[in-house]
Engineer: 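This structure is in structure tokens; I'll ask about it shortly.
In what follows, every heavy atom counts, from backbone to side chain, and hydrogens, waters and symmetry copies are set aside. Note that this is a predicted model, so its numbers are computed, not measured.
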Amino acid sequence: MNFIAPLNVNQLLEEAAKETLYLKLIEQINKDFNLANEGIDFPKSISPEELKIQLHEKIYRMIQYKFAEYLNLLYIIDVSEDQIKKLDGSDLVVLAENVAFLILKREWQKVWFRNKIC
């Protein structure tokens, strides 16, 4: 029962759905964004594809217009600073996509552990 980090967003979302933890993943994302005062409220009915798109857009906008809040969000979610530093920041669209994946990965890890341990 070891946690294996997904290699991409699609794999992560498939795994969450397979483990019937997709709704808990959405709840965790909503909770952490609200803790960071970045009100986001993904409905439980959101499709994995739509979640991926909307999260990417949200991160993109935060990097552009609310950088301090973006850094705070990464801190609250507990995304590894080293992983962020390794990303190429030359293309904001790609950067936001990669950061969205790191956020999803960290949130998925929290949900997975909570449900395996409890």
Engineer: Could you walk me through whether Glu15 and Lys18 pass the salt bridge (charged side-chain N to carboxylate O under 4.0 Å, His left out) test, one step at a time?
Structural biologist: CA-CA 5 Å; Glu15 198 172 320; Lys18 188 177 71 187; 5.8 Å; no
Engineer: Can you measure from CG (Leu55) to CD1 (Ile46) and round to the nearest 0.5 angstrom?
Structural biologist: 9.0 Å
Engineer: Check for a donor-acceptor pair, side chain of His56 on one end and backbone N or O of Val93 on the other, with a separation under 3.5 Å.
Structural biologist: yes
Engineer: Could you tell me whether the side chain of Tyr22 and the main chain of Glu14 form a donor-acceptor pair under 3.5 Å?
Structural biologist: no
Engineer: When you group the ILVMFWY residues by side-chain heavy-atom contacts below 4.5 Å and let the links chain together, are Val94 and Met62 in the same group?
Structural biologist: no
Engineer: Does a side-chain heavy-atom distance below 4.5 Å link Leu25 with Trp112?
Structural biologist: no
Engineer: Quick check for you: to the nearest 0.5 Å, what is the distance between Leu12 atom CG and Leu104 atom CG?
Structural biologist: 5.5 Å
Engineer: Between the side chains of Arg106 and Gln109, is a donor N or O closer than 3.5 angstrom to an acceptor N or O?
Structural biologist: yes
Engineer: Please report the C-alpha distance between Lys58 and Phe33 in whole Å, then the side-chain angles of each, then the deciding distance to 0.1 Å, and finally whether the side-chain contact (heavy atoms from CB on, under 4.5 Å) criterion is met.
Structural biologist: CA-CA 11 Å; Lys58 175 75 172 176; Phe33 269 80; 3.8 Å; yes
Engineer: In terms of hydrophobic clustering (I, L, V, M, F, W, Y; side-chain heavy atoms under 4.5 Å; direct or indirect links), are Ile63 and Ile76 co-clustered?
Structural biologist: no
Engineer: Assess the residue pair Glu81 and Lys85 against the criterion (salt bridge (charged side-chain N to carboxylate O under 4.0 Å, His left out)); give the C-alpha distance rounded to whole Å, side-chain angles, the decisive distance to 0.1 Å, and a yes or no.
Structural biologist: CA-CA 6 Å; Glu81 201 177 317; Lys85 286 179 179 173; 3.1 Å; yes
Engineer: Nearest 0.5 Å, what's the CG-CG distance between Asn8 and Leu13?
Structural biologist: 9.0 Å
Engineer: Are side-chain heavy atoms of Glu50 and Gln54 found at a separation under 4.5 Å?
Structural biologist: yes
Engineer: Do Leu102 and Ile53 land in one hydrophobic cluster if side-chain heavy atoms of ILVMFWY residues count as linked below 4.5 Å?
Structural biologist: no
Engineer: Say you draw a straight line from CD1 of Ile26 to NZ of Lys44; how long is it, rounded to the nearest 0.5 Å?
Structural biologist: 8.5 Å
Engineer: Looking at CG of Asn115 and OG1 of Thr20, how far apart are the two atoms once the value is rounded to the nearest 0.5 Å?
Structural biologist: 8.0 Å
Engineer: Which atom pair, heavy atoms only, marks the closest approach of Asn34 to Ile40?
Structural biologist: OD1-N, 3.5 Å
Engineer: What do the steps show when you test Glu97 against Lys52 for salt bridge (charged side-chain N to carboxylate O under 4.0 Å, His left out), and what is the final call?
Structural biologist: CA-CA 9 Å; Glu97 188 176 0; Lys52 188 169 76 171; over 6 Å; no
Engineer: With rounding to the nearest 0.5 angstrom, report the CD1 to CH2 distance, Ile29 to Trp108.
Structural biologist: 11.0 Å
Engineer: Is a side-chain donor-acceptor pair under 3.5 Å present for Ser80 with Asp82?
Structural biologist: no
Engineer: Could you list the donor-acceptor pairs under 3.5 angstrom formed between side-chain atoms of residues 65-75 and any protein atom two or more places apart in sequence or on another chain?
Structural biologist:
residue	atom	partner	partner atom	Å
Lys66	NZ	Glu38	OE1	3.3
Lys66	NZ	Glu38	OE2	2.9

Engineer: Check whether Ile84 and Leu92 end up in the same hydrophobic cluster, where Ile, Leu, Val, Met, Phe, Trp and Tyr are linked by side-chain heavy atoms less than 4.5 Å apart.
Structural biologist: yes
Engineer: Within the side chain of Asp32, is there an N or O that forms a donor-acceptor pair under 3.5 Å with the backbone of Ile77?
Structural biologist: no
Engineer: For Lys24, does its backbone N or O pair with a side-chain atom of Gln28 as donor and acceptor, under 3.5 Å?
Structural biologist: no
Engineer: Is there side-chain contact between Lys86 and Gln83, with heavy atoms separated by less than 4.5 Å?
Structural biologist: no
Engineer: Is there a side-chain contact between Val99 and Leu87, using heavy atoms and a 4.5 Å cut-off?
Structural biologist: yes
